[in-house]
Amino acid sequence: MPELPEVDVMKTGLEELVVGKTIESVDVYWDAIIDQPSVDEFKKDLVGDQILDVRRRGKYLIFKLSNHDLVSHLRMTGGYSLETNDLEKDKHTHVIFHFEDGSHLLYHDIRKFGRMYLMDRNESKNFTPLLKLGPEPTMEDLDFMKFITELGDYNIPIKSLLLDQTFIAGLGNIYADESLFRAKIHPLTPANQLNRGQTVKLYYAITDIIRIAMTEGGSSIRNYKNAFGEQGNFQNYMKVYGKEGEACQVCFTPIEKIKVGQRGTHFCPQCQVEAAL
DNA sequence: CATGCGTCCTGCAAGC
DNA sequence: TGCTTGCAGGACGCAT
């Protein structure tokens with residue numbers, strides 16, 4: 001499932017593969033992928049647009065086109081690939097951008113949760129979902145003191161807060177669980193009950209985990225691949241995600257899995273103790 | 001306003 | 001073996 005590091009890898013791949021290409025036509029095979037405008041307008045408006053740049057904000061991709069901004073969210077299973085020779089679409093290919101040079105950019109998405117939003121040029125800066133995003137989980141963007149202070153504003157489980165994109169943009173279930181393990185914080189601990197030491201550890205855990213995941217090309221679980229069809233390596237660094245029942249690498253206690261805010265949550269019951277109240 | 005839950009989807013795995 | 005059931009989860013919409 002693409003989280004920030006995986007989307008970033010996809011962005012880098014797309015930059016190399018499609019910048020400079022001009023769209024000749026667009027096919028849409030699953031209408032719900034196109035959130036705005038209508039499918040007909042989407043297909044019509046993109047004709048003749050040239051791809052100038054590809055950017056990322058949180059888990060969103062932003063294609064900067066000569067006449068539009070195209071915002072794309074991959075959600076669970078979305079992804080892009082470029083076909084330069086024969087067009088090989090399968091049942092999971094839902095949108096195809098045909099380029100004037102004869103190549104094709106395919107959007108595929110098994111679960112069909114992904115969404116695309118087309119708007120006028122430079123209007124993504126006024127696009128509400130992007131405006132609401134919190135800071136990037138990097139040391140450059142995530143202000144240390146602000147992070148520490150704002151944790152005290154939320155009386156919800158810290159795991160749930162880490163998944164709130166308006167608090168921090170880009171963390172998903174994997175990196176939230178891995179960050180909490182690294183910081184030795186129990187996922188159910190209310191955010192406003194973390195002590196000073198825990199908040200500091202959490203800041204560095206999040207930024208470290210994301211930095212490592214980005215340098216390792218993201219994670220490849222459930223066959224996730226980047227725009228080049230390559231896999232990432234961060235799954236080799238995972239300590240708790242998907243490891244329920246396995247011995248903790250630190251203390252050998254079996255990793256447990258619980259539900260927090262309807263989401264599967266993995267943690268070590270020995271290393272990640274609840275805050276002392 | 002803050003929080004919680006159902007919804008969208010398909011593939012896979014577990015259970016009988 | 002073959003069927004049914006449940007689970008995976010990001011973000012939104014609606015309810016409380």
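The basis for the numbers below is simple: all heavy atoms, side chains too, and nothing from hydrogens, waters or symmetry mates. Protein chains get the first letters and strands the later ones, always in sequence-line order, with residue 1 at the start of each.
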Is A:Lys64 close to A:Arg55 at the side-chain level, that is, under 4.5 Å between some pair of heavy atoms?
yes

Enumerate the protein-to-nucleotides 14-16 of chain C contacts in which both atoms are nitrogen or oxygen and the separation is below 3.5 Å.
none

Rounded to whole Å, please give me the gap between CG in A:Asp109 and P in B:dT10.
10 Å

Centre-to-centre under 6.0 Å for A:His92 and A:His108, is that the case here?
no

To the nearest angstrom, how far is A:Met116 atom CE from C:dC12 atom C1'?
18 Å

Within the structure, does a side-chain N or O atom of A:Lys59 lie under 4.0 Å from either OP1 or OP2 of C:dA11?
yes

For A:Lys132, which contact category applies under a 4.0 Å heavy-atom criterion: base, sugar-phosphate, or nothing?
nothing

Non-hydrogen side-chain atoms of A:Glu15 and A:Lys11 separated by less than 4.5 Å:
yes

Between the base of C:dG10 and the side chain of A:Arg115, is there a donor and acceptor pair under 3.5 angstrom?
no

Member of A:Trp30, A:Phe63, A:Tyr29, A:Tyr80 meeting the ring-ring contact (aromatic ring centres under 6.0 Å, His included) criterion with A:Tyr107:
A:Tyr80

Can a salt bridge be assigned to the pair A:Asp208 and A:Arg211 using a cut-off of 4.0 Å between side-chain N and carboxylate O?
yes

To the nearest 10 degrees, what angle separates the axes at the start and end of the helix from B:dA2-C:dT16 to B:dC16-C:dG2, five pairs each?
50°

Provide, to the nearest angstrom, the distance between the CD atom belonging to A:Glu6 and the P atom belonging to C:dG10.
11 Å

Whole-Å distance, A:Asp164 CG to C:dG10 P, equals 13 Å

Between A:His94 and B:dC9, is there a side-chain N or O to OP1/OP2 distance below 4.0 Å?
no

Could you tell me whether the side-chain ring of A:Phe113 sits stacked on the base of C:dA11, using a centroid cut-off under 5.5 Å and a plane angle under 30°?
no

Looking at every strand, decide which applies to A:Glu3 at a 4.0 Å heavy-atom threshold: base, sugar-phosphate, or nothing.
nothing

Atom CG of A:Leu74 and atom P of B:dC8: how far apart are they, to the nearest Å?
22 Å

Which atoms of nucleotides 2-4 of chain B (N or O only) lie under 3.5 Å from a protein N or O atom, and what are those distances?
none

From C-beta outward on A:Tyr60, which listed nucleotide comes closest to its side chain: C:dA8, B:dC9, C:dC12?
C:dC12

Do the side chains of A:Asp69 and A:Arg121 get close enough for a salt bridge, i.e. N-O under 4.0 angstrom?
no

Please report the distance, rounded to the nearest Å, between CG in A:Leu163 and C1' in B:dC5.
15 Å

Could you tell me how far apart A:Lys112 (NZ) and C:dA11 (P) are, to the nearest whole angstrom?
21 Å

Exercise: do A:Asp177 and A:His266 side chains pair donor with acceptor under 3.5 Å
yes

Regarding A:Glu136 and A:Arg56, does a basic nitrogen lie under 4.0 Å from an acidic carboxylate oxygen?
yes

